[in-house]
Amino acid sequence: MPTASSPHRPPGRLLIRVLLNCLLSLSALASAAEPNWQPLFNGRDLTGWRALPGGKWLVLDGELIGVSTRMEIRHGLLLTERTFDDFDLRLKFRCLIGNSGLYFRVEKIDAPVGARGLQAEIAADGFVTGGLYETQGRQWVTKADPKLIEKIVKRDDWNEMEVRARGADVTVLINGVATAELKNDPGRRRGLIGLQLHGRMEMDVRFKDILVNTVP
């Protein structure tokens, strides 16, 4: 029998209250576990980036567009002003003509290629997309399986690339599928992030939704 010190509460209302508290706790845990993704490209201009001589970079309708010609001997690079060590990075790319790539943990150098370090490959023909190449270093570190790339890459359309760089381990994913992986890699662990226009090649490549999650 309910008393003044223990007022009667309908069981249904009490159950709802308990369930709501559980849901709020689960939501807080999920928020705490969600990576802190931040935009590297604001969709309006090149704030936070520095273009090296070679090719041309412009922003149009929220897309970061790179173009170049066969007459250009230099790699046209667009490098971040910040350096990064451990991170996850996601972007969407659409390579219409030529050979491009996502540089990471690179250093700027005084040479036609402009940078030294790892590059996750992006190409219009698709077959080398998703592999890892070290510019001014080991060259091909690991190639993607061409049969796999043929299945997962959408030609002349938007694709998503993700690079996970954690200490000496690096993974590249295209449209959610792992295409290249390094374990205990001896290469650089810190540097700039960049986008590439290959020299001596007609180029038309577009990027958007560039996000980074720095890992403590």
Side-chain angles (χ1 to χ4, degrees), residues 35-41 46-55 57 64 66 68 73-93 95 98-123 128-145 149 159-174 177-201 203 205 207 209-216:
N36 185 26
W37 293 97
Q38 301 291 332
L40 270 184
F41 168 53
L46 298 181
T47 298
W49 298 82
R50 177 179 49 173
L52 302 188
W57 294 95
L64 181 51
S68 192
I73 66 171
R74 297 166 295 189
H75 280 33
L77 300 187
L78 189 66
L79 300 176
T80 58
E81 295 177 349
R82 292 172 56 194
T83 58
F84 298 83
D85 37 39
D86 288 359
F87 65 87
D88 298 328
L89 187 145
R90 291 176 184 164
L91 59 73
K92 291 179 181 176
F93 69 88
C95 192
N99 181 290
S100 180
L102 169 65
Y103 279 117
F104 58 97
R105 291 177 169 176
V106 300
E107 61 176 341
K108 182 181 176 298
I109 61 172
D110 186 16
V113 294
R116 177 189 292 117
L118 282 175
Q119 175 194 170
E121 284 279 347
I122 294 171
V128 299
T129 296
L132 281 167
Y133 186 93
E134 187 176 53
T135 301
Q136 296 290 294
R138 295 167 287 175
Q139 300 185 353
W140 279 110
V141 181
T142 179
K143 292 185 178 181
D145 180 355
I149 295 304
N159 295 274
E160 182 176 82
M161 170 178 280
E162 180 171 351
V163 171
R164 301 170 183 169
R166 309 288 185 89
D169 299 338
V170 176
T171 303
V172 180
L173 300 96
I174 303 293
V177 179
T179 58
E181 191 170 19
L182 299 180
K183 293 291 186 182
N184 300 314
D185 186 68
R188 293 171 55 85
R189 304 266 183 102
R190 182 178 179 83
L192 304 169
I193 290 170
L195 305 173
Q196 181 211 61
L197 298 173
H198 203 288
R200 298 189 183 277
M201 188 177 291
M203 287 294 316
V205 62
F207 298 93
D209 302 338
I210 308 175
L211 302 171
V212 67
N213 169 44
T214 55
V215 180

side-chain contact (heavy atoms from CB on, under 4.5 Å) partner of [X], the single match among [options]:
| X | options | result |
| --- | --- | --- |
| Leu64 | Leu40, Leu78, Val205 | Leu78 |
| Leu195 | Trp49, Tyr103, Phe41 | Trp49 |
| Phe93 | Asp209, Ile174, Leu102 | Ile174 |

Mind listing the closest non-hydrogen atom pair of [X] and [Y] along with its distance?
| X | Y | answer |
| --- | --- | --- |
| Ile122 | Cys95 | CG2-CB, 3.9 Å |
| Gln136 | Ala115 | CG-O, 3.8 Å |
| Gly130 | Ala144 | C-CB, 4.0 Å |
| Met201 | Gly98 | SD-CA, 3.6 Å |
| Gly114 | Leu52 | O-CD1, 3.8 Å |
| Arg82 | Thr80 | O-OG1, 2.8 Å |

Q) Is a side-chain donor-acceptor pair under 3.5 Å present for Thr83 with Arg190? A) yes
(Q) Show, in sequence, the C-alpha distance, side-chain angles and deciding distance for Leu173 and Glu160, and conclude whether the side chain to side chain contact (heavy atoms under 4.5 Å, CB included) test is met. (A) CA-CA 8 Å; Leu173 300 96; Glu160 182 176 82; over 6 Å; no
Q: Before giving the answer on side chain to side chain contact (heavy atoms under 4.5 Å, CB included), spell out for Glu121 and Trp140 the whole-Å C-alpha distance, their side-chain angles and the decisive distance to 0.1 Å.
A: CA-CA 10 Å; Glu121 284 279 347; Trp140 279 110; 3.5 Å; yes
Q.
Angle between ring planes, His198 versus His75, binned at 30° and 60°: parallel, tilted or perpendicular?
A. tilted
Q: Check the angle between the aromatic planes of Phe104 and Phe87 and answer parallel, tilted or perpendicular using the 30° and 60° thresholds.
A: perpendicular
Q: Using the salt bridge (Lys or Arg N to Asp or Glu O under 4.0 Å) rule, take Asp86 and Arg105 through it: C-alpha gap first, then chi angles, then the decisive distance, then the call.
A: CA-CA 9 Å; Asp86 288 359; Arg105 291 177 169 176; 2.9 Å; yes
Q: Determine, step by step, whether Asp185 and Glu134 satisfy the side chain to side chain contact (heavy atoms under 4.5 Å, CB included) criterion, reporting the C-alpha distance in whole Å, the side-chain angles of both residues, the deciding distance to 0.1 Å, and the verdict.
A: CA-CA 12 Å; Asp185 186 68; Glu134 187 176 53; 5.7 Å; no
Rounded to the nearest 0.5 Å, how far does [atom2] of [Y] lie from [atom1] of [X]?
| X | Y | atom1 | atom2 | value |
| --- | --- | --- | --- | --- |
| Ser100 | Gln119 | OG | CD | 7.0 Å |
| Lys143 | Ile149 | NZ | CD1 | 12.5 Å |
| Thr171 | Leu132 | OG1 | CG | 9.0 Å |
| Ile210 | Trp37 | CD1 | CH2 | 12.5 Å |
| Asp88 | Glu162 | CG | CD | 6.0 Å |

Q. Is there a donor-acceptor contact under 3.5 Å from the side chain of Asp85 to the main chain of Gly191?
A. no
Q | Side chain Thr129, main chain Ala123, donor-acceptor under 3.5 Å | A | yes
Q | Worked verdict on Leu197 versus Arg74 for side chain to side chain contact (heavy atoms under 4.5 Å, CB included) | A | CA-CA 9 Å; Leu197 298 173; Arg74 297 166 295 189; over 6 Å; no
Q: State plainly whether the residues Glu107 and Arg116 are in salt-bridge range, i.e. N to O under 4.0 Å.
A: yes
